[in-house]
Amino acid sequence: MIIDMHAHSKGISRCCQLTYKENIDIAKNVGIDAIILTNHYARAYLKFYDNVEELVGCYHNEYKEAKSYGESVGVKVYYGVEITLTDDIRVHLLAYGVDESFLSAHPYVFDYPLKKIQKTVHEYGGILVQAHPFRCGDKLVDTDYLDGVEISCHPKYFTTSQADVKKVAKEKDVIITCGADYHGDTPYRPICGLVVDELPKDINAIVKILTSSNKKTLLIHEVNAEKPEQFSY
Ligand SMILES: [Zn+2]
Ligand SMILES: [Zn+2]
């Protein structure tokens with residue numbers, strides 16, 4: 001079974017063209033069994049809401065609705081967050097394993113320095129992964145404050161940068177995740193993610209798989225490749 005670890009819906013992520021329903025339907029059609037809904041969480045979104053509490057409320061509402069719709073059509077939806085660093089808006093950080101109480105207690109997490117973001121995510125039992133490092137000149141942040149790096153199969157960019165990501169993961173001893181980051185504005189929907197025998201009951205169980213010393217298998221859909229390929233580490 002495949003868990004796409006990076007997904008958006010336009011109710012929150014302004015750059016995404018798909019509603020959560022459309023995103024889930026398309027994922028199901030290509031054989032994705034579950035998605036982690038990692039909508040953008042950025043200071044720039046504050047202007048669309050009366051206050052930060054409203055942003056957090058809408059963020060969680062979108063997740064709840066997506067989860068419930070996913071249940072009705074047989075696609076499991078897990079909770080995640082893609083934080084845009086206020087200090088450098090090209091740096092996107094995926095928080096996995098935190099629940100809704102994380103943003104409720106830390107609504108200005110995007111303003112924190114990297115070290116504090118990781119520390120906070122850890123306090124909630126989660127892990128912090130840099131999304132799409134190396135994408136079009138994007139810089140890798142200090143890996144001392146990362147638990148993982150992502151192979152992004154976003155079809156809009158010319159490569160997944162998987163060789164660079166694998167090299168960093170090996171050298172710095174951090175995990176690798178994989179996701180489509182599909183926004184609905186590209187010619188095809190990548191088929192990628194974490195491969196599991198059965199769907200874990202919650203996001204914490206996914207984090208357990210990722211951080212265990214057992215072999216992990218990812219499905220990587222290289223940009224414009226006809227078929228995805230399995231990679232284990
Ligand atoms: Zn991103
Ligand atoms: Zn994204």
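Whatever order the structure lists ligands and atoms in, that order sets their numbers, starting from 1.
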Which atom name would you report as the N, O or S atom of [X] nearest the Zn ion (ligand 2)?
X: His6; result: NE2
X: Glu82; result: OE1
X: His8; result: NE2
X: Asp181; result: OD1

Quick check against the 3.5 Å criterion: does [X] have a side-chain atom that pairs as donor or acceptor with the backbone of [Y]?
X: Lys76; Y: Asp202; answer: no
X: Glu62; Y: Gly11; answer: yes
X: Ser13; Y: Lys10; answer: no

Are His6 and Tyr182 near enough that their ring centres are under 6.0 Å apart?
no

His92 atom (N/O/S) at minimal separation from the Zn ion (ligand 1):
ND1

On the six-membered ring of Phe110, is Arg43 placed so that its NZ or CZ lies under 6.0 angstrom from the centre and within 45° of the ring axis?
no

